[in-house]
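Let me begin by presenting the structure, written as structure tokens, before commenting on it.
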Amino acid sequence: MLTTRPRGTNDILPNEIDKWQRLEEVLRHVSRLYGYSEIRTPIFEHTELFQRGVGETTDIVEKEMYTFVDRGERSLTLRPEGTASTVRAYVENKLFAGPQPTKLFYLGPMFRYDRPQAGRYRQFHQYGVEVFGSRDPSIDAEVIAMAMDIYTRLGLKNLSVELNSVGCTKCRSVYRKELQKYLEKNKHKLCSTCQARYDRNPMRIFDCKNENCQALIEEAPTIADLLCNECRDHFNKVQEYLKALGIPFHLNPRLVRGLDYYVQTAFEIVAQGIGAQSSIGGGGRYDGLVEQCGGPATPGIGYAMGLERILLTLQKQGVMQEETKNIDVYIATLGEKAHLKGAVLAQQLRNKELLVEYDYLKRSLKAQLKAADRYQASFTIIIGEEELTNNQAVVRKMEDGSQACISFADMEKYLIDNIRKG
RNA sequence: GUGGCUGUGGCGAAGUUGGUUAACGCACCGGAUUGUGGCUCCGGCACUCGAGGGUUCAAGUCCCUUCAGUCACCCCA
């Protein structure tokens, strides 16, 4: 156990940190373009926040939370998603009193106690945005367009946007009853989980993979048929804006997202070929959430994307180009005095913005050159007794093995000139 | 929480119906080249064959338990 990381967690090693940083760069850049400011909230919150915010009946709250009691006997929970915390921060810090809408993004680890599999981990990373203060359908469309913009910039292909409206609390309860009425006579034929869903949240039966359940619900009325005028109008406008923005989408009346707070717009972005966990992002509108979390009635919409899944998709689609790392100068030394001189020279060259490595192991020259080769150094400076007395060093161009004797006084200029050129 | 597959040196892997000192490749370190890399050759590098228990004269090879990885279900990013 001492040398094993906890289940479902990952070390991001030096050889892969690069792609993470490049991904994060794109996310921050696009955030700026769309006018979002970063918010950093705690990794853990009062358990109650997620219970109320995410919803008591969701899988997240029922079986996936990392909850613990601290020394002050408070129940705390490692955040399983980002929206609840962001809403809490919005309310607590009275951001609603500032200019609206408020557009925020976050980036960081989330935690869910789930069985790990391809594209699913217990600690995973999400980037997400939240917009508070507007119920206008144009922002729904923009948020979806923004997500697609990010994927496109990253080079992802073959994605599909699944879009639905889950209605407001009013039309949803009407729909619920309709759906229950439709399924009533066949209720006993549903699988056991769907029988439970029948009472709690019959819309989730659409998600069931069981063929029998699928058959039973196939001809069921969809929410689209029963949206109230306001919701239907909103949904139509969202589609209108999406079309105008050139974002293709699939209407999916069966898309039901697993978090309780969604109303009206719900969407998911799906990638192919990364296994069963194909959703690389999703979101929707949550107009009642801020109020429910103790703030003023404020509309909101947001989405989150899973960074591991994005990286996985990038890899599967082969759009991940390796970044070559090489240094400018390797300093090889022989003998104690030369070693000291090398240390000083390394500092001097680094001050001139050169990437410099130096041998700390007092290895043989041969071994040092081998190291220089591994670092893909452009030049290796060799300093030994002889060079010290002549106040110069051998500078070897690694590419072709050509060497020159350069005085320490001219070293900086020589290297800078030659490296810039090459 | 449920199920399938897997678990041998840093990595990738051989390992016959259980039978002596557990292949091979890569990586790493050193030498051939007394102060010079990338190629070649030579050499070096394994106290637990995931862990624990059992069967047997004898187990990496059989049985049980457990842990981990992986994929899938549930659900989600």
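Note that the structure is predicted; figures quoted are calculated from it, not measured. Just so you know, these numbers use all the heavy atoms, side chains as well, and skip hydrogens, waters and symmetry mates. The sequence lines fix the lettering, A, B, ..., with proteins before strands; numbering per chain opens at 1.
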Checklist entry - Rounded to the Å, how far apart are A:D59 CG and B:C74 P? => result 11 Å
Checklist entry - Rounding to the closest angstrom, what is the interatomic distance between B:U66 and B:A13 at atom C1'? => result 26 Å
Checklist entry - Looking at residues at least two apart in the chain, or sitting in another chain, which of them share a salt bridge (Lys or Arg N to Asp or Glu O under 4.0 Å) with A:K177? => result none
Next on the checklist: If you apply the rule side chain to side chain donor-acceptor pair (under 3.5 Å), what do you find for A:S138 with A:D136, and how did you get there?
Outcome noted: CA-CA 5 Å; A:S138 64; A:D136 194 82; 2.5 Å; yes
Within the sub-3.5 Å range, which N or O atoms of nucleotides 69-72 of chain B have a protein N or O partner, and how far apart are they?
residue, atom, partner, partner atom, Å
B:G69, OP2, A:R7, NE, 2.7
B:C71, OP2, A:A118, N, 2.9
B:A72, OP1, A:A276, N, 2.9
B:A72, OP2, A:Q117, NE2, 3.2

Next on the checklist: Distance criterion of 3.5 Å, no angle test: do you see the side chain of A:D373 paired donor-to-acceptor with the base of B:G37?
Outcome noted: yes
Item to check | With sequence neighbours excluded, residues passing salt bridge (Lys or Arg N to Asp or Glu O under 4.0 Å) with A:R7 | outcome: none
Checklist entry - Relative to the ring of A:F105, is the ring of A:Y127 parallel (under 30°), tilted (30 to 60°) or perpendicular (over 60°)? => result tilted
Checklist outcome for this item: Sequence neighbours excluded, the answer for ring pair (Phe, Tyr, Trp, His ring centres under 6.0 Å) partners of A:Y34 is none
Grab the N/O contacts between the protein and nucleotides 34-36 of chain B below 3.5 Å, and write none if there aren't any.
residue, atom, partner, partner atom, Å
B:G35, N1, A:E387, OE1, 3.0
B:G35, N1, A:E387, OE2, 3.0
B:G35, N2, A:E387, OE2, 2.9
B:U36, O2, A:R396, NH1, 3.0
B:U36, O2, A:Q403, OE1, 2.9
B:U36, N3, A:Q403, OE1, 2.8
B:U36, N3, A:Q403, NE2, 3.4
B:U36, O4, A:Q403, NE2, 3.3

Next on the checklist: Is any side-chain heavy atom of A:F379 closer than 4.5 Å to one of A:M398?
Outcome noted: no
Checklist entry - Using a cut-off of less than 4.0 Å, is there contact between a side-chain N or O of A:R374 and OP1 or OP2 of B:A27? => result no
Next on the checklist: Applying the Watson-Crick and G-U wobble criteria at under 3.5 Å, what pairs with B:G52? Answer none if nothing qualifies.
Outcome noted: B:C64
Checklist entry - Rounded to whole angstrom units, what separation is found between the OH atom of A:Y375 and the P atom of B:G38? => result 17 Å
Next on the checklist: In this structure, how many angstroms lie between the P atom of B:G1 and the CG atom of A:D114, rounded?
Outcome noted: 11 Å
Checklist entry - Which base sits across from B:G44 as a Watson-Crick or G-U pair, both distances under 3.5 Å? => result B:C28
Next on the checklist: Please enumerate all residues that pass ring pair (Phe, Tyr, Trp, His ring centres under 6.0 Å) together with A:Y262, with sequence neighbours excluded.
Outcome noted: none
Checklist entry - Nearest nucleotide by nearest heavy atom, which residue falls closer to the 5' end of RNA chain B, A:A377 or A:Q126? => result A:A377
Polar pairs (N or O, both sides) under 3.5 Å between protein and nucleotides 48-53 of chain B?
none

Item to check | Separation of atom OH in A:Y113 from atom P in B:U2, rounded to whole Å | outcome: 10 Å
Donor-acceptor contacts, no H, no angles, side chain residues 53-60 of chain A, under 3.5 Å, sequence neighbours left out:
residue, atom, partner, partner atom, Å
A:T57, OG1, A:D260, OD2, 3.1
A:T58, OG1, A:G55, O, 2.8
A:T58, OG1, A:V61, N, 3.3

Checklist entry - CG of A:L27 versus P of B:A77: gap in Å, rounded? => result 16 Å
Item to check | Residues that A:Y358 engages under ring pair (Phe, Tyr, Trp, His ring centres under 6.0 Å), provided they are two or more places apart | outcome: A:H339, A:Y360
Checklist entry - If we call it a pair only when both distances are under 3.5 Å in a Watson-Crick or G-U wobble match, what pairs with B:A13? => result none
Checklist entry - Between A:R122 and B:A77, does any side-chain N or O lie under 4.0 Å from OP1 or OP2? => result no
Checklist outcome for this item: ring pair (Phe, Tyr, Trp, His ring centres under 6.0 Å) filter on A:F267, not counting sequence neighbours, yields none
Item to check | salt bridge (Lys or Arg N to Asp or Glu O under 4.0 Å) involving A:D400 - partner list, sequence neighbours excluded | outcome: none
Sequence neighbours left out, cut at 3.5 Å: what donor-acceptor pairs do the side chains of residues 151-159 of chain A make with other protein atoms?
residue, atom, partner, partner atom, Å
A:Y151, OH, A:I280, O, 3.1
A:T152, OG1, A:M148, O, 2.7
A:R153, NE, A:D149, OD1, 2.9

Next on the checklist: Whole angstroms only, please: what is the CD1-C1' distance between A:I60 and B:C74?
Outcome noted: 13 Å
Next on the checklist: Once you apply a heavy-atom cut-off of 4.0 Å, does A:Q123 come out as touching a base, just sugar-phosphate, or nothing?
Outcome noted: nothing
